[in-house]
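Because the structure is a prediction, the values reported are computed rather than measured. The sequence lines fix the lettering, A, B, ..., with proteins before strands; numbering per chain opens at 1.
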Protein chains: 2
Amino acid sequence: MVATDSLSLIFSALSDPTRRSILGRLAHGELSVTELAGPYEMSLPAITKHLKVLEKAKLITRGKEAQWRPCQLEAKSLKKADDWISTYRSHWEESFDRLDEYLKTIQKDENQPGEKSGKSKKRK
Amino acid sequence: MVATDSLSLIFSALSDPTRRSILGRLAHGELSVTELAGPYEMSLPAITKHLKVLEKAKLITRGKEAQWRPCQLEAKSLKKADDWISTYRSHWEESFDRLDEYLKTIQKDENQPGEKSGKSKKRK
DNA sequence: ATATTATTCAAAGCTAGAGGTAAATACTCA
DNA sequence: TGAGTATTTACCTCTAGCTTTGAATAATAT
C-alpha cells in the first residue's frame, strides 16, 4: 500500500479474511494473541503481523497484562469506514427504483417494440 | 492480495484513494476513462488498471459506446461492504456508553483514590 | 536462577500492487 | 483507406504484503 491516510489503512486492513475474522471474534470480548491464533492454520508471528495491521488502522487497541497483550476491538474506526460508505447509501436504494423503472419499461416495450438498447448520447 | 472472496476484493479496491475518488465522481453519473483520468496526475494505463480493480470487485460496470467504455457505479457491492460493517454498529454506539461509564468512574475515584488501573483478571 | 508461557523480531521467499513508457487495438469520420 | 481519438496490452521497475522458521525478549512461577 502506498496510501497512509486513515481510510486507506482501514479498508486495507479489512481486505483480509483472517483480519475480518479476528475483528469478529473480538466483538465478543478481549482476547490474547494465542487465544486469537487458535482457529487459524497460521504461525503466531503471522498473527502478530495481522494484529499490527489492525492496530495501525486503529481497529484494535492492545493492553498489557502480565505476559499477555490482549486485543480489544476499537469500533470508532469501523464507524469511519461506515461514514464513507454511507454517502452512497442513497445509490443502492435508488437502484431498486431503477429496477422498478426498468421492469415498467419492458412491459411498455412489449407493446411497442423498437430500438434494441441504443442510448446514443453524443460526446464531442 | 491472496484472498479472492468478494468482500476482500471490495475492501481491497476501496483501500486506494484514487479509486475511492473515482467512485465518488461516478456517483454523479457515468464517465469515460479519459474524463475520469482528467484530475489525476497519472497515466491513462494506470487509470485503466484502477478501473480493472473496481470492475473485479463489481464496484463499477462498464459499457461500450463507440470508442468509449463508460464506467458506471454499481452500488450493490458497496452495500455488501456496508452489511459487513453494520454488524458492528452496536459496538460504536456502545462505546459512547463506555465513555459515559468511564467518566462516572473517575468522578467516583476522585473521592476514594486507590489502585492505579489494575484489573487483574486471572488466566490459566 | 531457571523453566515455562506468551509474544515479538529478523531474515528470507514469493506474489501482488501501483506506477511508468511504448506499442497495439478499437472505433469513427472524412 | 487513412487520420484521429479512446482505451488497452505488454513489459519493466520498485515497493509492499503474507507467510514461514528460528531466535530473542518479557513476564511469571518454582
Side-chain angles (χ1 to χ4, degrees), chain A residues 1-5 8-22 26 30-57 59-72 118-124, chain B residues 1-5 8-22 26 30-57 59-72 118-124:
Chain A
M1 236 222 327
V2 170
T4 55
D5 60 282
S8 296
L9 289 177
I10 292 167
F11 282 128
S12 178
L14 294 180
S15 75
D16 182 276
T18 303
R19 289 193 291 259
R20 288 197 304 278
S21 164
I22 286 174
L26 289 177
E30 203 172 282
L31 288 170
S32 74
V33 179
T34 317
E35 287 168 334
L36 228 26
Y40 311 109
E41 293 187 342
M42 199 179 288
S43 68
L44 270 161
I47 299 292
T48 294
K49 282 180 197 172
H50 282 306
L51 295 177
K52 281 237 157 89
V53 173
L54 290 170
E55 201 181 359
K56 233 171 224 167
L59 285 160
I60 63 170
T61 54
R62 314 209 45 191
K64 202 175 257 191
E65 205 176 315
Q67 65 259 239
W68 296 279
R69 318 282 135 90
C71 302
Q72 204 178 5
K119 55 170 170 168
S120 49
K121 207 187 301 171
K122 238 116 223 165
R123 240 185 264 264
K124 182 185 70 246
Chain B
M1 232 220 331
V2 170
T4 55
D5 61 281
S8 297
L9 289 176
I10 292 166
F11 282 128
S12 179
L14 295 180
S15 75
D16 182 275
T18 302
R19 287 193 292 260
R20 288 198 304 278
S21 163
I22 286 174
L26 290 177
E30 203 171 281
L31 288 170
S32 75
V33 179
T34 316
E35 286 168 334
L36 228 26
Y40 311 110
E41 294 188 340
M42 199 178 291
S43 68
L44 270 161
I47 299 291
T48 294
K49 284 178 199 172
H50 282 306
L51 296 177
K52 282 237 155 91
V53 173
L54 291 170
E55 200 180 2
K56 234 172 223 166
L59 286 160
I60 63 170
T61 53
R62 316 212 41 191
K64 204 173 257 192
E65 204 176 316
Q67 66 259 238
W68 296 279
R69 317 281 135 89
C71 302
Q72 202 176 6
K119 55 170 174 175
S120 49
K121 206 187 301 170
K122 237 116 224 162
R123 239 185 265 264
K124 179 186 72 249

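Here Ile22(A) contributes atom CD1 and Leu59(A) contributes atom CG; the two are 11.0 Å apart, rounded to the nearest 0.5 Å. Here the CD-CH2 distance, from Glu35(A) to Trp68(A), works out to 9.0 Å after rounding to the nearest 0.5 Å. Separation of atoms CG (Leu26(B)) and CG (Leu36(B)) is listed at 5.0 Å; rounding is to 0.5 Å.
Note on Thr34(A): every side-chain N or O is 4.0 Å or more away from OP1 and OP2 of dA6(C). Between Arg69(B) and dA26(C) there is no side-chain polar atom (N or O) within less than 4.0 angstrom of OP1 or OP2. Between dA6(D) and Lys64(B), no contact under 4.0 Å exists linking OP1 or OP2 to a side-chain N or O. The phosphate of dA6(D) has neither OP1 nor OP2 within less than 4.0 Å of any side-chain N or O from Arg62(B). At dG19(C), none of the side-chain N or O atoms of Ser43(B) fall inside 4.0 Å of OP1 or OP2 (strictly under the cut-off). The side chain of His50(B) places no N or O atom within less than 4.0 Å of a non-bridging phosphate oxygen (OP1 or OP2) of dG17(C).
Positionally, the nearest nucleotide of DNA chain C for Ser12(B) lies more toward the 5' end than for the other of Glu41(B) and Ser12(B). Closest-nucleotide positions on DNA chain D for Gln67(A) and Val53(A) were compared, and the one nearer the 5' end corresponds to Val53(A). For Met1(B) and Val33(B), each mapped to the nucleotide of DNA chain D holding its nearest heavy atom, the one lying further toward the 5' end belongs to Val33(B).
Side chain of Pro45(B), nearest nucleotide from dG4(D), dT8(C), dT8(D): dT8(D). Comparing atom distances between the Thr48(A) side chain and each of dG17(D), dC27(C), dT8(C) picks out dT8(C) as nearest. Listed nucleotides: dC18(D), dG20(C), dT28(D). Nearest to the side chain of Ala66(A): dT28(D).
Here the P atom of nucleotide dA6(C) and the CG atom of Leu31(A) are 14 Å apart, to the nearest Å. With rounding to whole Å, Ile47(B) atom CD1 is found 13 Å from dT21(C) atom P. One atom, CD of Glu30(A), and another, P of dA6(C), lie 16 Å apart when rounded to the nearest Å. Residue Glu65(B) contributes atom CD, which lies 10 Å from atom P of dT28(C) at whole-angstrom precision. Between the CE atom of Met42(A) and the P atom of dT20(D) there is a distance of 6 Å, given to the nearest Å. Atom NZ of Lys52(A) and atom P of dT19(D) are 16 Å apart (whole Å). Distance, Asp16(A) CG to dT15(C) P: 18 Å, rounded to whole Å.
Between the Arg19(A) side chain and the Ser12(A) main chain, a donor and an acceptor come within less than 3.5 Å of each other. Within the 3.5 Å criterion, the main-chain N or O of Arg62(B) finds no donor-acceptor partner in the side chain of Arg69(B).
For Lys49(B) against dG19(C), a side-chain-to-base donor-acceptor contact under 3.5 Å is present.
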